[in-house]
Amino acid sequence: MVKEKLSSKQLNEVQRQLKLYKQGVQEIIPTEELEEKLAKSILLNKPLKIKLGLDPSAPDVHLGHTVVLKKLKQFQDNGHTIQLLIGDFTGKIGDPTGKAIARKPLTDEEVKHNAQTYFEQFGKVLDMEKVELHYNSTWLSQLKFDDVIQLAGKITIARLMERDDFEERIAYGKPISLHEFFYPVMQGYDSVVLECDIELGGTDQHFNVLMGRHFQEKFGKPKQIALLMPLLEGLDGVEKMSKSKNNYIGINEPANEMYGKAMSIPDELMKKYFTLITTLTPEEITEIEEGLDKKTLHPRDVKMQLAKRIVQMYHDEEAAEKAEQQFITIFQKGALPEDLPTMTWSGPTSITLVQLLVDTGLLSSKSEAKRMIVGGAIRIEGEKITADMETIAIKHNMIVSVGKRKFMKLLLKN
């Protein structure tokens, strides 16, 4: 046992790191091996290799993604090596996890653009100068067909069929293309090439991450630890945070938008958000939880604390203060924000509401505009409008609002 060779100071460091890495984690496979790897790392003064695989299909990073990034930051702060793996080769297949149909393959241009966007946003959490960046096309594109056959021979169809999404598609008579079976195979082979010690992922990546252990063992290499983080529910409190579900907080969003969205987080999820996306200690989170239970803390005040902290992490203290003051002005005093954005209107003076919302940039698509209108979120000069095809007469200084976070004052040219 490596631990027997450690000094008391080194043993304490093993336990300190182990406790830190366990915080907020859903599952570690297996915990005892993680402790052994940490002990060996400290004994030899050799950093562990921590892998995170990225399928660059959705480049906008939101708080749900930062659950794993925060954990990577903990490893990085302790001197371990972060391996960010861009699945530029596997991205052309698409991860079938949770999909009822095959994913549409990405083009080379889409992969490169999305990957670059990831790097820029990840820099808000990680020190990217100390991160190893890898592209799995480097090795996967070099495999010959006989290499692929040998690789496929190291796993059974029965094992691949253990994936819930494959089982469901078979049960419902939905097709599975042969190439989809190769996604987890290739992801597992990535771990062989990188010789990683630990791979992080969400719980929805359970099968894919375990493929790394499987193939490392088949190639006679030390097996990686699977460290799986819980999925963060979005603002609806039900579905996993996702841009497609429109229940997300993007880390590149303006401070006011970020703060306002955070204030709509369901009360019952506040502890989970504090735990998974902030740097508060378990003791500080427990103190907040006890204050809520004893009613010495008001849920609104706690949520404002959470919202402010989120803005601080991705903007700065000044932006967080301003966002909080604007929230108080709009929501608690019912006034309009002082720095109301304006737009000089050069379009027609009569336009449908849907088109107006899109042309002003308040909403990104007509379908989204229609949903917001039906939901009663749109107001013109403070009056709620619920008919999506209603014709709006543009007036000078007219104020259009979406919910209580987005405003636009329209100015007509003289």
If you look at every heavy atom in [X] and [Y], which pair is closest and at what distance?
| X | Y | value |
| --- | --- | --- |
| W139 | L194 | CH2-CD2, 3.9 Å |
| A255 | A323 | O-CB, 3.8 Å |
| M313 | T278 | SD-CA, 4.1 Å |
| V185 | F181 | CG2-O, 3.4 Å |
| G64 | M241 | N-SD, 3.3 Å |
| S41 | P47 | OG-CA, 4.0 Å |

Can any side-chain N or O of [X] pair as donor or acceptor with the backbone N or O of [Y] at less than 3.5 Å?
| X | Y | answer |
| --- | --- | --- |
| K71 | Q23 | yes |
| Q10 | S7 | yes |
| H80 | L48 | yes |
| K51 | L84 | no |
| Q205 | G201 | no |
| T117 | H113 | yes |
| H315 | E253 | yes |
| Q76 | D127 | yes |
| N78 | Q74 | yes |
| E33 | P30 | no |

Are the side chains of [X] and [Y] in touch, meaning some heavy atoms are under 4.5 Å apart?
| X | Y | value |
| --- | --- | --- |
| I82 | E132 | no |
| V402 | F407 | no |
| K70 | V67 | no |
| K384 | T386 | yes |
| R159 | M211 | yes |
| H62 | I249 | no |
| I50 | T81 | no |
| I265 | L235 | yes |

Would you give the length of the straight line joining atom [atom1] of [X] to atom [atom2] of [Y], rounded to the nearest 0.5 angstrom?
| X | Y | atom1 | atom2 | value |
| --- | --- | --- | --- | --- |
| C196 | E199 | SG | CD | 5.5 Å |
| Y314 | I251 | OH | CD1 | 5.5 Å |
| L356 | I351 | CG | CD1 | 5.5 Å |
| Y118 | L69 | OH | CG | 10.0 Å |
| F215 | K221 | CZ | NZ | 14.5 Å |
| K144 | I149 | NZ | CD1 | 14.5 Å |

Problem set entry | Evaluation steps, side-chain contact (heavy atoms from CB on, under 4.5 Å), between I373 and L357 | CA-CA 10 Å; I373 293 168; L357 292 169; 3.9 Å; yes

For this session: Show your reasoning for whether side-chain contact (heavy atoms from CB on, under 4.5 Å) applies to V25 and M229.
Result: CA-CA 5 Å; V25 174; M229 302 300 296; 3.7 Å; yes

Please determine whether the number of non-hydrogen atoms from other residues, nucleotides or ligands lying under 6.0 Å from atom [atom1] of [X] exceeds 12.
| X | atom1 | result |
| --- | --- | --- |
| N45 | CG | no |
| E4 | CD | no |
| E318 | CD | no |
| K154 | NZ | yes |

If we count only N and O atoms by modelled type, under 3.5 Å, do the side chains of [X] and [Y] hold a donor and an acceptor together?
| X | Y | result |
| --- | --- | --- |
| S191 | Q224 | yes |
| N256 | K322 | no |
| Q325 | E321 | no |
| Y172 | E168 | no |
| N136 | T90 | yes |
| W345 | D359 | no |

Would you call [X] and [Y] a salt bridge, using N to O less than 4.0 angstrom?
| X | Y | value |
| --- | --- | --- |
| K245 | D236 | no |
| D165 | R169 | no |
| R371 | E368 | no |
| K49 | D197 | no |
| E233 | K272 | yes |
| E36 | K40 | no |

For this session: Taking side chain to side chain contact (heavy atoms under 4.5 Å, CB included) as the test, write out the residues that go with L231, two or more places apart.
Result: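 L231: side chain to side chain contact (heavy atoms under 4.5 Å, CB included) contacts with T203, D204, K240.
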
For this session: Kindly write out the residues that satisfy salt bridge (charged side-chain N to carboxylate O under 4.0 Å, His left out) with K3, not counting sequence neighbours, or none if the list is empty.
Result: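 With sequence neighbours excluded, K3 shows a salt bridge (charged side-chain N to carboxylate O under 4.0 Å, His left out) to E35, given in chain and number order.
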
Problem set entry | Distance flag, aromatic centroids of Y135 and F89, threshold under 6.0 Å |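 When the ring centroids of F89 and Y135 are compared, they turn out to be at least 6.0 Å apart.
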
Problem set entry | Given L44, I42, L43, the one that forms side-chain contact (heavy atoms from CB on, under 4.5 Å) with K46 |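 That would be L44; it is the only one of L44, I42, L43 passing the side-chain contact (heavy atoms from CB on, under 4.5 Å) with K46.
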
For this session: Walk me through it: do T352 and I392 pass the test side-chain contact (heavy atoms from CB on, under 4.5 Å)?
Result: CA-CA 6 Å; T352 65; I392 304 299; over 6 Å; no

Exercise. Applying ring-ring contact (aromatic ring centres under 6.0 Å, His included), which residue pairs with at least one partner in residues 216-268 are found, sequence neighbours left out?
Worked result: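 Matches after skipping sequence neighbours: Y189-F219, Y259-F327.
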
Problem set entry | Criterion salt bridge (Lys or Arg N to Asp or Glu O under 4.0 Å) against K271, the qualifying member of E289, E290, E287 |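 Going through the options one by one, the only one that passes is E289.
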
Problem set entry | Candidate pair L151 and D147, rule side-chain contact (heavy atoms from CB on, under 4.5 Å), full reasoning | CA-CA 6 Å; L151 185 60; D147 297 324; over 6 Å; no

